[in-house]
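FYI, side chains are in, hydrogens and waters are out, and symmetry mates aren't considered; it's all heavy atoms of this structure.
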Amino acid sequence: MGQENPKQDQIFQESSPPKRSLRQAIEVISSLISYSLPIKVFAVKWQLIRNKLEELNSSLIAIEDCDSSQNPILSGMVSAVLASASDCYDLARRCVDLSYSGKLLMQSDLDVMVAKFDRHVKNLSGIFTAGILSQGFAIVVSRPGANACKDDMRFYVRDLLTRMKIGDLEMKRQALVNLYDVVVEDEKYVKIIVEVGDLVNILVSLLDSMEMELQQDAVKVVAVISGFDSYKSILIGAGIIGPLIRVLESRSEISKEGAARSLQKLTQNSDNAWSVSAYGGVTALLKICASVDSTAELISPACGVLRNLVGVDEIKRFMIEEGAVSTFIKLARSKDEGVQISSIEFLQNIASGDESVRQSVVKEGGIRALVRVFDPKITCSSKSREMALRAIENLCFSSASYISVLMSYGFMDQLLFFLRNGDVLVQELALKAAFRLSGTSEETKKAMGDAGFMSEFVKFLDAKSFEVREMAAVALNSLVSVPKNRKIFVQDDRNVGFLLQLLDQEETNSGSKKFLISILLSLTSCSSGRKKIANSGYLKNIEKLAEAEVSDAKRLVRKLSTNRFRSMLNGIWHS
């Protein structure tokens, strides 16, 4: 015996042609979907049929309020749908009972059924396109609750797809608004969108819509989907790059901002760089960044896209020829944090590993612009200062001439200010920059000594972080290797005393102890430094460290002992 479906039989028995309504058709289609689920044979064919049935059901639900008896065209279509559904039930029964006469014949019948339902969907679409039905006749399918099952969510998305395909302007727009709301609040809907056939393609096609509102709403949905790495390839495969770039050249600022954000996410993978270039995206983006009419909300993601593209050498060369360096130096002076950060990151990326571009950045005034962002007298966010300092390091610290330019703009005073007064993050970055700077030229070390960096490094020697203590110790050791700096350092008795005090506190053979001894060893090259260490009262402690084989401790003892012996001889000679 086959699987029974009394509800379906009742519908067909009671429904005479004049009274067949949309509600009956919807119930029949829903019943048929459920009836076909347990079928084991021809599983792929039946899944195709179910997909078409779901799409057809969404279309019927969208126009349920329009009674077929009042519309001859619609009445005829509903009758045809019910007739096809009846034929499909017959095929389903035979597949359940395994009572079909042959596999090839059944496969052919199922293919015919898929084609029939597809034709019904297209016919209903034609009704909407012709304007026979509109928003006023369509009921609204309620959005599933927070704990809804995937089938309910999928049904809701299919209903929205149907409205986007066959609805009038207002219906399409409302469907896009509803779609955006669900993808923003629940990412499970994003997966359903890419699984539901045609929806991504519909979204891509709407990007080229002449209706500004439809374009804006479609861009918003695309911008959300673009943020998911798993689905970027699906968007790319649907040909989304070209339409997004055309949106950049549209008249809607909202659409352009969304398109730029989408492109920024999609170009995080450099494989998509050439697609952007092929559609003229680089030129369009540079034009946005150079225009005085562009908003900060648009410029910031546009900068981000171009930053993602500079890794391709040919595209980078084109940007440089188009004047990108001067454009982005101007943008680095912007008062908007997002624009500042994006433009600084771009300059840093485009000059990375390319000395000719670095020279161009310096020549166009890039160093001055970055120093201005870092200036504590200028109102800037910590994030902007952080990016400016990173860029200064990468652009300038490898060249003595660039460091000289930096110093001429007052960078040394700025760096010292943030070592003393910056918030935790900026202060740590300032320390790292000062640490790197201390390892450059002799002239730079002298300048740092004169500016007062050594006393600031001393303060970091007892920080909780070992990394911070080590950087401070290494930097200080580098500065006191310069004779002039040693004399400045030992003039303050507190400096030497604090070093010896820390040496007494540190555990034997700790990393910090090694650097402290190295600093003291440098100070013994200065006569006043040797005297202060020898007369400090910490000599016995140093001798114990030498006995414990602590690195450089023996050398330090020898230097100090030689000094004491000479003092004794001088005392005898003058007595």
Side-chain angles (χ1 to χ4, degrees), residues 204 207-210 212-213 215-220 222-224 226-227 235-236 240-270 272-312 314-351 357 360-361 364-366 369 373 384 387:
V204 172
L207 295 177
D208 283 322
S209 173
M210 298 301 292
M212 186 183 295
E213 289 183 338
Q215 184 191 71
Q216 290 173 351
D217 292 328
V219 167
K220 287 169 67 177
V222 167
V224 176
S226 301
L235 292 175
I236 297 296
I240 202 166
I241 297 294
L244 284 174
I245 289 168
R246 287 192 288 276
V247 172
L248 290 178
E249 297 168 330
S250 70
R251 65 186 187 277
S252 168
E253 285 296 313
I254 295 173
S255 293
K256 289 194 281 191
E257 289 166 20
R261 286 196 301 273
S262 297
L263 286 168
Q264 184 177 7
K265 296 167 187 174
L266 293 171
T267 54
Q268 286 172 349
N269 180 346
S270 59
N272 301 325
W274 279 116
S275 297
V276 175
S277 178
Y279 285 102
V282 177
T283 300
L285 290 160
L286 286 171
K287 184 178 178 181
I288 286 170
C289 292
S291 173
V292 294
D293 297 324
S294 297
T295 63
E297 290 76 17
L298 175 57
I299 292 174
S300 185
C303 288
V305 182
L306 293 170
R307 182 193 65 224
N308 291 342
L309 302 183
V310 294
V312 180
E314 292 87 343
I315 296 176
K316 180 174 82 170
R317 293 297 159 198
F318 176 77
M319 290 183 195
I320 293 168
E321 290 170 5
E322 293 295 304
V325 171
S326 60
T327 295
F328 280 87
I329 288 173
K330 289 176 185 175
L331 291 176
R333 301 188 183 102
S334 168
K335 293 181 180 179
D336 182 83
E337 179 188 22
V339 173
Q340 268 189 345
I341 291 171
S342 296
S343 57
I344 290 170
E345 285 179 336
F346 175 87
L347 290 170
Q348 191 172 193
N349 285 16
I350 200 170
V357 180
S360 178
V361 171
E364 296 279 353
V373 175
S384 293
M387 295 309 304

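For the pair S277 (side chain) and W274 (backbone), a donor-acceptor distance under 3.5 Å is absent. Not one N or O on the side chain of N349 forms a donor-acceptor pair closer than 3.5 Å with the backbone of G311. Looking at K220, its side chain never comes within 3.5 Å of a backbone N or O of G258 through a donor-acceptor pair. Between the side chain of S291 and the main chain of K287, no donor-acceptor pair closer than 3.5 Å is present. The main-chain N or O of I288 is found under 3.5 Å from a side-chain atom of S294 such that the two form a donor-acceptor pair. Proximity of a side-chain donor or acceptor of Q215 to a complementary backbone N or O of L207 within less than 3.5 Å is detected.
Of all heavy-atom pairs between L235 and S226, the closest is CD1-OG, 3.6 Å. For the residue pair Q264 and N308, the shortest heavy atom distance occurs at O-ND2, 3.0 Å. When all heavy atoms of G365 and R333 are compared, the closest pair comes out as O-NH2, 4.0 Å. Annotation for V357 and A351: closest pair CG1-CA, 3.8 Å, computed over non-hydrogen atoms. In terms of heavy atoms, I329 sits closest to V361 at CD1-O, 3.6 Å. Shortest non-hydrogen contact noted between V325 and S360 is CG1-OG, 4.0 Å.
Qualifying side chain to side chain donor-acceptor pair (under 3.5 Å) partners for N272, counting only residues two or more places apart in sequence or in other chains: none. Residues passing the salt bridge (charged side-chain N to carboxylate O under 4.0 Å, His left out) test with E364, sequence neighbours excluded: none. Applying the side chain to side chain donor-acceptor pair (under 3.5 Å) test to Q348 and every residue at least two apart in sequence or in another chain returns N394.
One distance of note links CG of L266 with CZ of R261; it measures 12.5 Å at 0.5 Å rounding. For the atom pair CG of D217 and OG of S255, the computed distance is 8.5 Å after rounding to the nearest 0.5 Å. With rounding to the nearest 0.5 angstrom, the CG atom of L347 is 10.5 Å from the CE atom of M387. Interatomic distance, CG of L298 versus CG of D293, reported as 11.0 Å (0.5 Å rounding). Annotation: the span from C289 atom SG to K330 atom NZ amounts to 12.5 Å, rounded to 0.5 Å. Here the CD1 atom belonging to I315 is positioned 5.0 Å from the CG atom belonging to L309, to the nearest 0.5 angstrom.
Annotation for I320: atom CD1 counts as buried by contact number, over 12 foreign heavy atoms lying within 6.0 Å.
Screening residues 334-346 for side chain to side chain donor-acceptor pair (under 3.5 Å) gives S300-S342, R307-E345, E337-S381, Q340-S384 as the qualifying pairs, with residues at least two apart or on separate chains. For residues 283-302, there are no ring pair (Phe, Tyr, Trp, His ring centres under 6.0 Å) pairs, not counting sequence neighbours. For residues 315-339, the pairs satisfying ring pair (Phe, Tyr, Trp, His ring centres under 6.0 Å) are F328-F346, with sequence neighbours left out.
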Exercise for the section: Evaluate side chain to side chain contact (heavy atoms under 4.5 Å, CB included) for V305 paired with V282, printing each intermediate quantity in order. Expected result: CA-CA 9 Å; V305 182; V282 177; over 6 Å; no
Practice task
Given side chain to side chain contact (heavy atoms under 4.5 Å, CB included), test E322 with T283 step by step and report yes or no.
Solution key: CA-CA 8 Å; E322 293 295 304; T283 300; 5.5 Å; no
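At a threshold of 4.0 Å, the pair E253-K256 counts as salt-bridged, since one of the basic side-chain nitrogens sits closer than that to a carboxylate oxygen.
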